[in-house]
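Reviewing the structure listed below.
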Amino acid sequence: PARPRSRTGGELVDDCTACAADEIIAAAGGPAWDAEAFERLTEAARSSLRARTADVVSLVARVLGEAHTAEAGFDRARSVPMAPAVADMREQFAGLIHDGFVAETGTRRLGDLVRYLRAMAHRLDKAPADLRRDADRMDIVHRVQREYADVMVGLGPQARYRPDAAAIRWMIEELRVSLFAQAIGAAIPVSERRILAAIDRL
């Protein structure tokens, strides 16, 4: 994928600041709808935004370091038999690292991106030894992705903001870790069956 413009310079800092601000707003009780709430929110931002932004920048630096490693691995994996796996990982990568990804991901999930990217590098190392197994596991991921996409289309564009719908997106990322990089470890118990059940509940 093309490198997102916001990886460098002021746009990246703005993205990190927006991410930190979202966390502060949520911790202060959400958006302000009256003068008292606005004053409370302003005070929270004044006292902590700079420090929280610095924390986010530090974490994003780790994410981008892992992203660089993953991209370098994609570029090295040029064999024809590896093409389907690399194409799958490039698509996964583009869904994680793109313009505005920091605020979109949020502080709670940024650390998870480090694991997901490390899992890609692990998969790149292991897949050539058993491409059939990699393909079988990729089929599992693609099945749940199709089910999820179909349900989301039926629910409409606002559904992506539902916490239960957003959680499934991250369950699929954890499924990838579980299938392709068990040594790294998924953060939650996850399986195709668990994800399909969650999709049914939508």
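Residue numbers start at 1 and run along the sequence shown. Because the structure is a prediction, the values reported are computed rather than measured.
Just one residue in the list Leu96, Val114, Val102 forms a side-chain contact (heavy atoms from CB on, under 4.5 Å) with Val63, and that residue is Val114.
Under the 4.5 Å side-chain heavy-atom criterion for grouping Ile, Leu, Val, Met, Phe, Trp and Tyr, Ile172 is not connected to Leu113 through any hydrophobic cluster. Grouping the Ile, Leu, Val, Met, Phe, Trp and Tyr side chains by contacts below 4.5 angstrom, directly or via other members, places Val141 apart from Met82. Hydrophobic clustering (ILVMFWY, side-chain heavy atoms < 4.5 Å, transitive): Leu175 and Met89 are in distinct clusters.
When every heavy atom of Phe93 is checked against every heavy atom of Ala67, the shortest pair comes out as CE1-O, 3.6 Å. Across all non-hydrogen atoms, the minimal contact from His122 to Ala183 is CE1-CB, 4.0 Å. Residues Ala77 and Leu124 come closest through the heavy atom pair CB-CD2, 4.1 Å. Considering every non-hydrogen atom in both Ala20 and Leu49, the closest pair reads CB-CD1, 4.0 Å. For the pair Met171 and Ala198, the tightest heavy-atom approach, listed with the atom from each and the gap, is SD-CB, 4.2 Å. Annotation for Ala119 and Val177: closest pair CB-CG2, 4.0 Å, computed over non-hydrogen atoms.
Counting heavy atoms from C-beta outward, Arg108 and Glu23 have side chains that stay 4.5 Å or more apart. The closest side-chain heavy-atom distance from Cys19 to Leu110 is below 4.5 Å. Put simply, the side chain of Met120 does not reach to within 4.5 Å of the side chain of Phe180, judged on heavy atoms. Side-chain contact check for Asp55 versus Leu59: every heavy-atom pair is 4.5 Å or farther apart. Leu64 places a side-chain heavy atom less than 4.5 Å from the side chain of Val60. Put simply, the side chain of Arg52 does not reach to within 4.5 Å of the side chain of Thr17, judged on heavy atoms. By the 4.5 Å heavy-atom criterion applied to side chains, Thr69 and Leu117 are not counted as neighbours. Using a 4.5 Å cut-off on side-chain heavy atoms (C-beta onward), Trp170 and Ile188 make no contact.
Side-chain contact check for Gln92 and Tyr116: no donor-acceptor pair (N or O, by modelled atom type) lies under 3.5 Å.
Here the CG-CZ distance, from Leu155 to Arg160, works out to 13.5 Å after rounding to the nearest 0.5 Å. In this structure, CD on Gln145 lies 13.0 Å from CD1 on Ile168, to the nearest 0.5 angstrom. The CZ atom of Arg176 sits 13.5 Å away from the CD1 atom of Ile184 when rounded to the nearest 0.5 Å. Met138 contributes atom CE, which lies 9.5 Å from atom CG of Asp136 (distance to the nearest 0.5 angstrom). In this structure, Thr53 OG1 and Arg50 CZ are separated by 9.5 Å, a value rounded to the nearest 0.5 Å.
Because its NZ or CZ atom is not both nearer than 6.0 Å to the ring centre of Phe74 and within 45° of the ring axis, Arg90 does not count as a cation-pi partner of that residue.
Ion pairing between a basic and an acidic side chain is recognised when a charged N comes within 4.0 Å of a carboxylate O; Arg115 and Glu174 show such pairing. Between Asp88 and Arg137 there is no salt bridge, since none of the side-chain N atoms of the basic residue sits less than 4.0 Å from a carboxylate O of the acidic one. Remark: Asp134 engages Arg123 in a salt bridge, criterion side-chain N to carboxylate O under 4.0 Å. Ion pairing of Asp150 with Arg146 is absent here, as no side-chain N (NZ or NE/NH1/NH2) approaches a carboxylate O to less than 4.0 Å.
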Exercise for review: Before giving the answer on salt bridge (Lys or Arg N to Asp or Glu O under 4.0 Å), spell out for Asp112 and Arg109 the whole-Å C-alpha distance, their side-chain angles and the decisive distance to 0.1 Å.
Suggested key: CA-CA 5 Å; Asp112 292 330; Arg109 296 286 184 182; 3.6 Å; yes
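Within a 6.0 Å radius of CZ in Arg162, other residues, nucleotides and ligands contribute more than 12 heavy atoms.
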